[in-house]
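Please read the structure below before turning to the comments.
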Amino acid sequence: MTRGRIEFPPSFFDPSITLDSGQAFRWRPLDESRNGWIGIVSGNVVKVSEKEARVLSDNSQDTEALQRYFSIDDDIDSIFATFPYDKTLNSSKRGLPGLRLLTQDPWECLISFVCSINCNIPSIRLKIDNLSRRYGKKIETDLDFEAYSFPTAETLAKASKRDLLTCKLGFRWKYVKFIAKRVAKGELDLDKLRNVSYQVSLQELISETSGMTFGVGPKVADCVLLYSLHKTEAFPIDVWILRCLERFYPEETGGSVRSLTPKKYFAISEAMRMKFGRYAGYAQLYLYVKMRHDFHSM
DNA sequence: TCCCAGGTCCTAC
DNA sequence: GTAGGACCTGGG
């Protein structure tokens, strides 16, 4: 049987830079060389290198899911050609060859970024792994490797507070359960958001529902829109990006930002959209990853 | 031991 | 509207 497999063009993809960039949280390097990575795409175990992505777990020939996941049709050079000249951004691009914007499953992405609230990346990973182990299904592979699918909305909607807390979700447990219920009932239809504009899908994600706590603010919503629904206008603003913007884009932030209220968030995000256009999200990705890399190599 | 983390929500002005 | 604080808890 031929299993799903795609080849990456030369210098298209750097697994280490992309899969450890804070877009997705379930990829693991196979060894210390960090040349090969293993993760899960559309419920299948996938092994990735600089040259290819290969499904290890089933016998489907479907390569579409892989192509979509790695945003294979996006040409980074053409996208950067749409940007105005920008020294900071150009330097980020030079420093991050092979960084790709992923197009993940929106449901998994939404829960992942709810788990990210007030957490560091190792801690986010832990939560998502715990959820998958506890509520996902084991995926069979030839390898000696334990992989679990991401739990469905129906499953998480039924999960108890106690069990969610054993997954180390902390106060986020109620957000996860609440969102899972909305998705399971069809009140929130993530797939439908693929076909609507950035603004409409943003409103849909952060719309208030009967005064109940929801856990999806502008930042989480923008991450889902950019990293899973491929709304490339989305410009998520977190603490790292905010520091970067204050320093390199003071006109857009209006100087230093004391506290990022929703109103300010939308104003700054919109200003970056005005500056970089319909691919502003790509600018965000490159700036964010560059900030993190520079910080860790200091 | 203490502080912080890819934010969000609640409360008091 | 806006600022300030609480929030679970694992890691550094």
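Per chain, numbering begins at 1; letters A, B, ... match sequence-line order.
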- Is the count of non-hydrogen atoms from other residues, nucleotides or ligands lying under 6.0 Å from A:Glu251 atom CD greater than 12? no
- Message: Tell me the interatomic distance from A:Lys219, atom NZ, to B:dC9, atom P, rounded to whole angstroms.
- Response: 13 Å
- Between C:dG5 (P) and A:Arg258 (CZ): distance, integer Å: 14 Å
- If you look at every strand shown and take non-hydrogen atoms under 4.0 Å, does A:Gly22 touch a base, only sugar-phosphate, or nothing? base
- Rounded interatomic separation in angstrom, taking CD1 from A:Ile268 and C1' from B:dG6: 16 Å
- Euclidean distance for C1', B:dT1 against C:dT9 (whole angstrom): 15 Å
- Query: For A:Ile237 and B:dT8, what is the distance between atoms CD1 and P respectively, to the nearest whole Å?
  - Reply: 11 Å
- What distance separates A:Ser78 OG from A:Tyr279 OH, expressed to the nearest 0.5 Å? 8.5 Å
- Applying the 3.5 Å cut-off to both distances, the Watson-Crick or G-U partner of B:dG6 turns out to be none
- Message: Without decimals, in angstroms, what is the distance between A:Phe214 CZ and B:dG7 C1'?
- Response: 15 Å
- Task: Indicate whether any N or O donor in one side chain lies under 3.5 Å from an N or O acceptor in the other, for A:Arg278 and A:Thr232.
- Result: no
- Query: Does A:Phe113 stack onto the base of B:dG6, taking stacking as ring centres under 5.5 Å apart and planes under 30° apart?
  - Reply: no
- Are A:Glu146 and A:Lys138 close enough for a salt bridge, meaning some N to O gap below 4.0 Å? yes
- Task: For C:dG5 and B:dC3, measure between their P atoms and round to the nearest Å.
- Result: 15 Å
- Item | Donor + acceptor pair across side chains of A:Ser123, A:Lys127 (<3.5 Å) | yes
- Message: Just the rounded figure in Å: distance from C1' of B:dG6 to CG of A:Asp238.
- Response: 4 Å
- Note on the structure: Regarding the side chain of A:Gln284, the nearest nucleotide among C:dG10, B:dC9, B:dG6 is B:dG6
- Task: May I have the distance from A:Ile124 (atom CD1) to C:dG11 (atom C1'), rounded to whole angstrom?
- Result: 13 Å
- C:dC7 base / A:Arg172 side chain donor-acceptor hit below 3.5 Å: no
- Query: What nucleotide, of C:dT2, C:dC8, B:dG6, holds the atom closest to the side chain of A:Lys174?
  - Reply: C:dC8
- Taking the same atom, P, in C:dC8 and in B:dC10, what whole-Å distance lies between them? 12 Å
- Any strand, both distances under 3.5 Å, Watson-Crick or G-U wobble: C:dC8 pairs with none
- Task: Using whole Å, report how far CZ of A:Phe266 lies from P of C:dG1.
- Result: 14 Å
- Against the side chain of A:Leu126, the closest entry in C:dG10, C:dA3, B:dG7 is C:dG10
- Task: Quick one: label A:Arg125 by what it contacts on the DNA or RNA (base, sugar-phosphate, nothing), any heavy atom closer than 4.0 Å.
- Result: nothing
- Item | Side-chain N,O (A:Thr261) to OP1/OP2 (C:dG1) below 4.0 Å | no
- Query: On a whole-Å scale, what distance lies between the P atoms belonging to B:dT8 and C:dG10?
  - Reply: 22 Å
- Message: Quick check: any donor-acceptor pair below 3.5 Å linking the side-chain of A:Asn118 to the base of B:dC4?
- Response: no
- Mind checking the C1' distance from C:dA6 to B:dC4? Whole angstroms is fine. 15 Å
- Do the side chain of A:Tyr227 and the base of B:dG6 come within less than 3.5 angstrom through a donor-acceptor pair of N or O atoms? yes
- Do we get A:Arg182 above A:Phe214's six-membered ring, with its NZ or CZ under 6.0 Å from the centre and within 45° of the axis? yes
- Can you find a side chain N or O atom of A:Lys168 that sits less than 4.0 Å from OP1 or OP2 on C:dT9? no
- Message: If the cut-off is 4.0 Å, is A:Lys264 near the phosphate of C:dA3, judged by side-chain N/O to OP1 or OP2?
- Response: yes
- Would you mind classifying the nucleic acid contact of A:Ser112 as base, sugar-phosphate or nothing, using non-hydrogen atoms under 4.0 angstrom? nothing
- Query: Of the nucleotides B:dG6, C:dT2, B:dG7, which one has an atom closest to the side chain of A:Val220?
  - Reply: B:dG7
- Query: Among the nucleotides C:dA3, B:dG7, C:dG10, which one has an atom lying closest to any side-chain atom of A:Ile117?
  - Reply: B:dG7
- Message: Distance to the ring centre below 6.0 angstrom and angle to the axis at most 45 degrees; does that hold for A:Arg26 and A:Phe150?
- Response: no
- Task: Remember a base hit wins even if backbone is also touched, and classify A:Pro218 as base, sugar-phosphate or nothing at under 4.0 Å, heavy atoms.
- Result: sugar-phosphate
